[in-house]
Student: 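Structure below; questions to follow.
Note: hydrogens, waters and symmetry copies are ignored here, and every other heavy atom, side chains too, is used. Count residues from 1 along the sequence.
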Amino acid sequence: MASTSRNASRRTNTTHSQSRTVPTQAEAPQVEIDHQVRAILNYILCHSANKVPIKYNDLMPLADNKNELSKRFVLVTQLLETRYGIKLVQLEGTPKRYVCIAEAPAASTYELTSAQRPQFTLLYIILTYIFLRGNHIEEDKLYGMLDMMGVNVREEHGYFGENISKLIEDTFVKQQYLKRERSQLSPYDDPKITYSWGLRAKCEFTYQQVVQFASKLFDQDEAFFQQQLMMAEGMDNPEMLQASSLAAVNTDASFSESQHAFDSQ
């Protein structure tokens, strides 16, 4: 699925405290564009389309060894950014992995293919719902909201297609649009699965964009969603977090009323 926000590098709603953009400092060793640099570039570009994280270790054979890869990696990131408008962002944890983030992806759903539009629409609805529910939602509540809209994730849908649950639980998670977490308080409790915005979502979308989308979807003024906006910004900046008890008010009912938007698809 293609990216859909413009100039992701100018977003302001997150600090990326759990990730970092690959450095491209001028003081890095100067390396010429050789066949190894080209091989690494081609590998990254070929694997960027599916948006699955790229493992640093998988690039090593293309540069012969770790030392040679280290010499060329900064130049590769510079070329990706200057020639292709792609930023490499490192994920937290090990092994070392990166995601490709387009600086100027598609600005409209009309730039997407007919197969990509349903996926993007579903993703945007989910991200909007998570945003309106305080940026953290349990899986059963998320699926309950979709069911209220006439979308059963276990059944084929006329617009969103089949394997909706796999798209949410697997594809969107692997692409880093959604963060899926499993927790269990005790061995006697049922495990609880929750969703929040993933790293790619925070890079490619802004909370203000979601507010604009929600205002059109629910036919409400943008000011109506200021409570949720403040709460989302507060989640990224705890010192800004104010009263959050009203963030989810009327969200479920509003989403159930939006089903008509898909009846004509």
Student: Would you indicate whether the side-chain heavy atoms of Tyr159 and Leu122 approach each other to under 4.5 Å?
Tutor: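 Leu122 does not reach Tyr159 side chain to side chain.
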
Student: Could you tell me which non-hydrogen atom of Ser215 sits nearest to which non-hydrogen atom of Asp221, and how far apart they are?
Tutor: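 Looking at all heavy atoms of both residues, the closest pair is CB-C, 4.3 Å.
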
Student: Listed by chain and number, what are the ring pair (Phe, Tyr, Trp, His ring centres under 6.0 Å) partners of His136, not counting sequence neighbours?
Tutor: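 His136: no ring pair (Phe, Tyr, Trp, His ring centres under 6.0 Å) contacts found.
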
Student: So Ile54 and Tyr43, do their side chains get closer than 4.5 Å, heavy atoms only?
Tutor: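 Side chain of Tyr43 against side chain of Ile54, heavy atoms only: contact under 4.5 Å found.
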
Student: Do Thr194 and Ser183 have side-chain heavy atoms sitting under 4.5 Å apart?
Tutor: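 The answer is no; the side chains never approach within 4.5 Å.
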
Student: Can any side-chain N or O of Arg200 pair as donor or acceptor with the backbone N or O of Gln175 at less than 3.5 Å?
Tutor: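 Yes, the answer is positive, given that a donor and an acceptor are paired below the 3.5 Å cut-off.
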
Student: Would you say Asp34's side chain and Val37's backbone share a donor-acceptor pair under 3.5 angstrom?
Tutor: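 Confirmed, Asp34 side chain pairs with Val37 backbone.
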
Student: Would you indicate whether the side-chain heavy atoms of Ile125 and Val151 approach each other to under 4.5 Å?
Tutor: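 In short, these two side chains do not touch, never coming nearer than 4.5 Å.
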
Student: Please tell me if the side chains of Ser196 and Leu178 come closer than 4.5 Å, counting only heavy atoms from C-beta onward.
Tutor: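 No; the side chains remain at least 4.5 Å from each other.
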
Student: Heavy-atom distance under 4.5 Å between the side chains of Tyr56 and Leu69, does that happen here?
Tutor: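 Sidechains of Leu69 and Tyr56: in contact.
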
Student: In the structure I gave you, are the side-chain heavy atoms of Lys51 and Gln176 within less than 4.5 Å of one another anywhere?
Tutor: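 A side-chain contact under 4.5 Å is absent here.
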
Student: Locate the shortest heavy-atom distance separating His157 from Gly150; write the atom from each residue and the value.
Tutor: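 Residues His157 and Gly150, closest heavy atoms: CD2-O, 3.5 Å.
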
Student: Return the OG1 to CD distance between Thr121 and Gln116, rounded to the nearest 0.5 Å.
Tutor: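 Thr121 OG1 to Gln116 CD: 11.0 Å, rounded to 0.5 Å.
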
Student: Using a 3.5 Å distance criterion without hydrogens, assess whether the side chain of Asn42 forms a donor-acceptor pair with backbone atoms of Arg38.
Tutor: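 Checked: pair present.
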
Student: Kindly write out the residues that satisfy salt bridge (charged side-chain N to carboxylate O under 4.0 Å, His left out) with Glu68, not counting sequence neighbours, or none if the list is empty.
Tutor: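 Testing Glu68 for salt bridge (charged side-chain N to carboxylate O under 4.0 Å, His left out), a comparison that skips the adjacent residues, returns Lys71, Arg72.
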
Student: Which value, rounded to the nearest 0.5 Å, describes the distance between Gln226 atom CD and Met230 atom CE?
Tutor: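 With rounding to 0.5 Å, CD (Gln226) is 8.5 Å from CE (Met230).
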
Student: Same cluster for Ile130 and Phe224 if Ile/Leu/Val/Met/Phe/Trp/Tyr side chains link at under 4.5 Å?
Tutor: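 Same cluster: Ile130 reaches Phe224 through Ile, Leu, Val, Met, Phe, Trp or Tyr contacts under 4.5 Å.
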
Student: Can you tell me how far CD1 of Ile126 sits from CE of Met145, rounded to the nearest 0.5 angstrom?
Tutor: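 The CD1 atom of Ile126 is 6.5 Å from CE of Met145, to the nearest 0.5 Å.
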
Student: I'd like to know if the side chain of Ser48 reaches the main chain of Leu45, judged simply by a donor and an acceptor atom lying under 3.5 Å from each other, with no hydrogens or angles considered.
Tutor: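 Answer holds: yes.
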
Student: Can you check whether Leu127's main-chain N or O pairs, donor with acceptor, with Trp197's side chain at less than 3.5 Å?
Tutor: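 Side chain of Trp197 to backbone of Leu127: a pair is present.
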
Student: Applying the salt bridge (Lys or Arg N to Asp or Glu O under 4.0 Å) criterion to Glu169, which one of Arg154, Lys174, Lys179 satisfies it?
Tutor: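 The passing option is Arg154.
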
Student: Evaluate the side-chain contact (heavy atoms from CB on, under 4.5 Å) criterion for residues Thr171 and Tyr177: first the C-alpha distance (whole Å), next the side-chain angles of each, then the deciding distance (0.1 Å), finally the verdict.
Tutor: CA-CA 9 Å; Thr171 304; Tyr177 280 116; over 6 Å; no

Student: Evaluate Leu146 against Phe160 for side-chain contact (heavy atoms from CB on, under 4.5 Å), listing each step before the verdict.
Tutor: CA-CA 11 Å; Leu146 292 174; Phe160 296 124; over 6 Å; no

Student: Could you check whether any side-chain heavy atom of Val52 comes within less than 4.5 Å of a side-chain heavy atom of His47, counting everything from C-beta outward?
Tutor: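 They are not in side-chain contact.
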
Student: With a sphere of 6.0 Å drawn around CG of Asp219, does it hold more than 12 non-hydrogen atoms of other residues, nucleotides or ligands?
Tutor: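 12 or below, so no.
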
Student: CG of Asp147 to CD of Glu155: how many Å apart, nearest 0.5 Å?
Tutor: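 Here the rounded value is 8.5 Å.
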
Student: Rounded to the nearest 0.5 Å, what separation is found between the CG atom of Leu199 and the CD atom of Gln90?
Tutor: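 It comes to 10.5 Å.
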
Student: Where does the angle between the aromatic ring planes of Tyr195 and Tyr143 fall among parallel (under 30°), tilted (30 to 60°) and perpendicular (over 60°)?
Tutor: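 The rings of Tyr195 and Tyr143 sit tilted, inter-plane angle from 30° to 60°.
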
Student: Run the side-chain contact (heavy atoms from CB on, under 4.5 Å) check on Val153 and Leu142 step by step: do they pass?
Tutor: CA-CA 10 Å; Val153 298; Leu142 172 62; over 6 Å; no

Student: If you measure from CZ on Phe120 to OG1 on Thr113, what distance do you get to the nearest 0.5 Å?
Tutor: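 Atom-to-atom, Phe120:CZ and Thr113:OG1 are 12.5 Å apart.
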
Student: For residues Gln36 and Ala63, report the shortest heavy-atom separation together with the two atoms involved.
Tutor: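 The answer is NE2-O, 3.4 Å.
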
Student: Identify the heavy atoms of Met60 and Lys66 that sit nearest to each other, and give their distance.
Tutor: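 Distance-wise, the nearest heavy atoms are CG-N, 3.5 Å.
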
Student: When you look at Ile86 and Ile44, which way does the side-chain contact (heavy atoms from CB on, under 4.5 Å) test go after all the steps?
Tutor: CA-CA 10 Å; Ile86 294 176; Ile44 293 175; 5.8 Å; no

Student: Do the rings of Tyr98 and Phe73 sit parallel, tilted or perpendicular, given the 30° and 60° boundaries?
Tutor: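 Taking Phe73 first and then Tyr98, their aromatic rings sit tilted (interplane angle of 30° to 60°).
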
Student: Report the relative orientation of the aromatic rings in Phe205 and Tyr124; use parallel for angles under 30°, tilted for 30 to 60°, perpendicular for over 60°.
Tutor: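 Ring orientation, 0 to 90° scale: perpendicular.
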
